[in-house]
Amino acid sequence: MRRTYWAAGSAVLLALLFAVAATVAAASGGRTAGAAARTPALYSPDAGFARDMAVHHQQAVEMSFLVRDRTQDEAVRSLAYDIANTQANQRGMLLGWLDLWGLPKVLAGEPPMSWMAPAAGKDAPAGGHGGTDGSHGGHAVDGVPAKPGALMPGMAAKDEIAALGAAQGRDAEVLFLQLMTDHHKGGVAMARGCAVQCVTPAERALAQGMVEAQQSELTLMADMLRARGAAPRG
């Protein structure tokens, strides 16, 4: 497990390096003569991914802070710190890009994940995926479904967040690892979508870094669950 954790830590570092490189690339690109022509449209995959992944990352940060205060296990606390630190930084980058592009961080009436719809245009909203309550309506992305009551694939429902907040010790550790495993699977599916569909090079590089880092953490979390006599759900 120690070797696996070292690999996961390396992947987190690589993700942060991707983030720094992406920021530099975005800043440089913004100064070129043709930058305005390359600004993503309101309903583009680039903008949609930035909006949705910022929300997705925020829940990962929330769950990480919750478990940190509910266990003394150093491995779980270290993993939670890595996830919170990495995803908070990446979330800041995504929101910063939206500001740079002059696009809103929240778009009323846009169904979550509509930017991944095959038929979605670059300049018009894609409909039909979201529920009337703003949830993803059970639609699966790359085989990862959205739970009832969850906004996007991989995200935890409100009752699951409440259960994590009420748990202590090993119970909190296992639930956190299971919820974060689901969360990462959804996040990897979303990031792969951007790596294919987004046209902004810096954002595509960041998305690919997310895929690599979260896949490494999925391996680590499977090992940590096994050590606690548990397993990922589903």
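The basis for the numbers below is simple: all heavy atoms, side chains too, and nothing from hydrogens, waters or symmetry mates. Quantities reported herein were computed from a predicted structural model and do not represent experimental measurements.
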Please name the pair of heavy atoms, one in [X] and one in [Y], separated by the smallest distance, quoted to 0.1 Å.
{"X": "Ile83", "Y": "Ser64", "answer": "CG2-OG, 3.5 Å"}
{"X": "Glu203", "Y": "Cys194", "answer": "CG-SG, 3.9 Å"}
{"X": "Ala80", "Y": "Val67", "answer": "CB-CG1, 3.7 Å"}
{"X": "Pro112", "Y": "Met152", "answer": "CB-CG, 3.7 Å"}

Test salt bridge (Lys or Arg N to Asp or Glu O under 4.0 Å) on Arg226 and Asp223; report intermediate values, then the result.
CA-CA 5 Å; Arg226 192 177 304 113; Asp223 287 345; 2.7 Å; yes

For Phe49 and Trp115, take the angle between the two ring planes, folded into 0 to 90°, and tell me which bin it lands in: parallel under 30, tilted 30 to 60, perpendicular over 60.
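Perpendicular, since the angle between the ring planes exceeds 60°.
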
Flag the pair [X] / [Y] as yes when at least one side-chain heavy-atom distance between them is below 4.5 Å, and no otherwise.
{"X": "Leu98", "Y": "Trp101", "result": "yes"}
{"X": "Ile161", "Y": "Met63", "result": "yes"}
{"X": "Arg91", "Y": "Val61", "result": "no"}
{"X": "His57", "Y": "Thr86", "result": "no"}
{"X": "Trp97", "Y": "Thr200", "result": "no"}

Applying the side chain to side chain donor-acceptor pair (under 3.5 Å) criterion to Glu212, which one of Gln208, Gln214, Gln215 satisfies it?
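Of Gln208, Gln214, Gln215, side chain to side chain donor-acceptor pair (under 3.5 Å) with Glu212 is met by Gln208 alone.
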
To the nearest 0.5 Å, what is the distance between OH on Tyr81 and CZ on Arg68?
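With rounding to 0.5 Å, OH (Tyr81) is 10.0 Å from CZ (Arg68).
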
NZ/NE/NH1/NH2 to OD/OE distance under 4.0 Å, Arg51 and Asp46:
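No, Arg51 and Asp46 are not salt-bridged.
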
Electrostatic pair Glu160-Arg233, nearest N-O below 4.0 angstrom
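Salt bridge: yes.
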
